[in-house]
Asker: 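Submitted below is the structure of interest, expressed as structure tokens.
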Amino acid sequence: MTRALLLRALTKNKFVTSNALRSISITNLSRCISTLILAEHESGSIKPQTVSTVVAANSLGESSSISLLLAGSGSSLQEAASQAASCHPSVSEVLVADSDKFEYSLAEPWAKLVDFVRQQRDYSHILASSSSFGKNILPRVAALLDVSPITDVVKILGSAQFIRPIYAGNALCTVRYTGEGPCMLTIRSTSFPVTPITADSESKKATISQIDLSNFKEDSVNRSRYVGRSTQDTERPDLGSARVVITGGRALKSVENFKMIEKLAEKLGGAVGATRAAVDAGYVPNDLQVGQTGKIVAPELYMAFGVSGAIQHLAGIKDSKVIVAVNKDADAPIFQVADYGLVGDLFEVIPELLEKLPEKK
């Protein structure tokens with residue numbers, strides 16, 4: 001567009017200054033923002049962190065177009081695509097890649113798919129959530145396109161200026177993207193809450209388009225393969241989106257003692273979390289780890305039992321609305337960020353809570 005304006009000016013014998021060209025370029029960028037979001041789905045449903053990424057994409061510019069890219073196979077993919085079309089009024093198009101090649105969310109085929117789609121449609125921004133899904137795929141896409149991604153964005157100041165945490169969340173860094181390729185971002189979903197969708201917005205649905213994969217080629221060498229997946233059957237809410245999170249630390253001392261945390265979470269209708277030390281000790285699986293190297297959470301109520309408050313753990317809970325800490329060490333760093341703190345033995349506090357709290361209805 002900028003090149004066309006320049007040629008038009010030259011044919012009319014008009015001189016265009018470098019400042020004018022810069023102004024044209026900036027204006028053109030703000031008006032022609034086109035965003036591709038890598039959508040994460042499971043069992044026919046779009047995950048909440050993908051919708052949060054859509055909310056973040058709205059901050060890139062007023063007239064930006066947003067497309068969701070879904071990949072997978074079978075009926076669950078089509079169900080997820082139907083839900084994605086109405087998940088947010090800002091979504092203008094849902095692109096669906098239906099193939100057995102994408103049955104599992106492996107980084108290699110997904111990265112090739114994103115590059116394949118980008119070659120057909122010119123996107124100024126490519127976004128994904130800062131979940132395991134996004135962290136696995138987006139860096140590989142960035143390597144294919146030879147661009148530098150900006151990770152864990154917590155605030156968007158414009159189409160090329162962003163804020164992300166550094167030093168385990170103790171400082172915020174403002175980053176300006178100056179690359180020529182598409183700007184690639186991973187979004188911290190807890191920093192972009194989703195507002196309830198009104199009845200008028202629900203009636204608006206994006207168009208669903210099937211991607212022609214006849215010319216799609218994968219790597220000849222399979223560098224990774226799907227081995228298996230293990231899940232825990234539980235009625236508790238997902239840790240990343242739960243309204244209440246109950247977390248235990250290494251002070252619980254054993255797997256049996258950690259079951260007190262699980263019982264308390266059941267009574268409060270919350271999710272179970274754990275510190276890195278508790279995970280390393282083998283008390284719970286690593287998918288329950290909360291912190292910079294685990295899951296970032298932002299519940300309405302966060303309760304920490306026997307959690308000292310290491311920097312990397314605090315980086316994962318700082319967006320919580322209310323933090324309650326119980327620790328027998330009065331000087332534990334967790335009390336510096338807690339809204340309410342109790343200095344006491346968790347082996348006395350938790351049983352008392354279990355006894356006095358009513359059963360969940």
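Position 1 is the first residue of the sequence, and the numbers go up from there.
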Asker: Could you give me the CA-CA distance, side-chain angles and deciding distance for Leu172 and Lys155, then say whether side-chain contact (heavy atoms from CB on, under 4.5 Å) is met?
Answerer: CA-CA 10 Å; Leu172 294 175; Lys155 190 174 183 179; over 6 Å; no
Asker: Closer than 4.0 angstrom, basic N to acidic O: yes or no for Asp115 and Lys112?
Answerer: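 No, this pair does not count.
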Asker: My understanding is that only residues two or more places apart in sequence, or in another chain, count here; which of them pass ring pair (Phe, Tyr, Trp, His ring centres under 6.0 Å) with Tyr226?
Answerer: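 With sequence neighbours excluded, Tyr226 shows a ring pair (Phe, Tyr, Trp, His ring centres under 6.0 Å) to Tyr104, given in chain and number order.
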Asker: Any donor and acceptor pair, going by atom type alone, linking the side chain of Lys267 with main-chain N or O of Pro358 inside 3.5 Å?
Answerer: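 Absent.
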Asker: Write out all pairs satisfying salt bridge (charged side-chain N to carboxylate O under 4.0 Å, His left out) with one or both partners inside residues 65-75, taking only residues at least two apart or from two chains.
Answerer: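 Pairs touching residues 65-75 that pass the test: none.
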Asker: Who are the salt bridge (charged side-chain N to carboxylate O under 4.0 Å, His left out) partners of Lys47, not counting sequence neighbours?
Answerer: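 Here the qualifying residues are Glu40, Glu42.
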Asker: Given 3.5 Å as the limit, does a donor-acceptor pair link the side chain of His125 with the main chain of Ser159, or not?
Answerer: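 At least one qualifying donor-acceptor pair exists.
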Asker: Which residue pairs satisfy the salt bridge (charged side-chain N to carboxylate O under 4.0 Å, His left out) criterion with at least one member in residues 323-340, sequence neighbours excluded?
Answerer: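 Residue pairs passing salt bridge (charged side-chain N to carboxylate O under 4.0 Å, His left out), neighbours aside: none found.
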Asker: Which pairs, with at least one residue in residues 128-156 and sequence neighbours excluded, count as a ring-ring contact (aromatic ring centres under 6.0 Å, His included)?
Answerer: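 Found Trp110-Phe133.
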Asker: Any pair with a residue in residues 84-98 that passes salt bridge (charged side-chain N to carboxylate O under 4.0 Å, His left out), sequence neighbours left out, goes on the list, sorted by first then second residue, please.
Answerer: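 Listed once each, the pairs are Glu93-Arg121.
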Asker: Grab the two heavy atoms, one from Asp287 and one from Leu239, that are nearest each other, plus how far apart they are.
Answerer: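 Answer, listing the atom of Asp287 first, then Leu239: O-CD2, 4.0 Å.
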Asker: Sorted by first residue and then second, give each salt bridge (charged side-chain N to carboxylate O under 4.0 Å, His left out) pair with at least one member in residues 158-186; sequence neighbours left out.
Answerer: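 Non-adjacent pairs meeting salt bridge (charged side-chain N to carboxylate O under 4.0 Å, His left out): zero.
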Asker: Which heavy atom of Ala206 sits nearest a heavy atom of Val94, and at what distance?
Answerer: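 Heavy atoms only, the tightest pair is CB-CG2, 4.4 Å.
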Asker: Looking at Ile323, is its backbone amide N or carbonyl O close enough to the side chain of Ser320 to form a donor-acceptor pair, meaning the two atoms are under 3.5 Å apart?
Answerer: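 It does not hold such a pair.
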Asker: List in chain and number order the residues that pass ring pair (Phe, Tyr, Trp, His ring centres under 6.0 Å) with Phe192, two or more places apart in sequence or in another chain; answer none if no residue qualifies.
Answerer: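 By the ring pair (Phe, Tyr, Trp, His ring centres under 6.0 Å) rule, Phe192 matches no residue at all.
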Asker: Is any NZ, NE, NH1 or NH2 atom of the basic residue among Lys259 and Glu262 found under 4.0 Å from an Asp or Glu carboxylate oxygen of the other?
Answerer: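 The answer is no: the pair does not qualify as a salt bridge.
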Asker: Would you say the side chains of Ser129 and Ser131 form a donor-acceptor pair under 3.5 Å?
Answerer: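 The criterion, which ignores hydrogens and geometry beyond distance, is satisfied for Ser131 and Ser129.
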Asker: Considering non-hydrogen atoms only, spot the tightest contact between Val55 and Pro193 and give its length.
Answerer: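 Shortest heavy-atom separation between Val55 and Pro193 comes out as CG1-O, 3.9 Å.
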Asker: What distance do Leu70 atom CG and Ile37 atom CD1 have between them, rounded to the nearest 0.5 Å?
Answerer: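 Answer for the CG-CD1 pair, Leu70 versus Ile37, is 11.0 Å.
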Asker: Going by the side chain to side chain donor-acceptor pair (under 3.5 Å) test, which pairs reach into residues 343-356, not counting sequence neighbours?
Answerer: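 Residue pairs passing side chain to side chain donor-acceptor pair (under 3.5 Å), neighbours aside: Glu352-Lys356.
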Asker: Do side-chain atoms of His41 reach the backbone of Ala71 as a donor and acceptor pair under 3.5 angstrom?
Answerer: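 Flag set: sc His41 to bb Ala71 pair under 3.5 Å.
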Asker: Test: side chain to side chain donor-acceptor pair (under 3.5 Å). Region: residues 300-317. Which pairs qualify, not counting sequence neighbours?
Answerer: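 Every pair satisfying side chain to side chain donor-acceptor pair (under 3.5 Å) with a residue in residues 300-317: Arg243-Glu300, Thr247-Tyr302, Thr293-Gln312, Tyr302-His313.
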Asker: Applying ring pair (Phe, Tyr, Trp, His ring centres under 6.0 Å), name anything that partners Phe102, two or more places apart in sequence or on another chain.
Answerer: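 By the ring pair (Phe, Tyr, Trp, His ring centres under 6.0 Å) rule, Phe102 matches Phe216.
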Asker: Could you pull out all donor-acceptor pairs under 3.5 Å where a side-chain atom in residues 182-190 meets a protein atom, sequence neighbours excluded?
Answerer:
| residue | atom | partner | partner atom | Å |
| --- | --- | --- | --- | --- |
| Thr186 | OG1 | Ser130 | OG | 3.3 |
| Thr186 | OG1 | Asp152 | N | 2.7 |
| Arg188 | NE | Asp152 | OD1 | 3.2 |
| Arg188 | NH2 | Asp152 | OD2 | 2.7 |
| Thr190 | OG1 | Asp319 | OD2 | 3.4 |

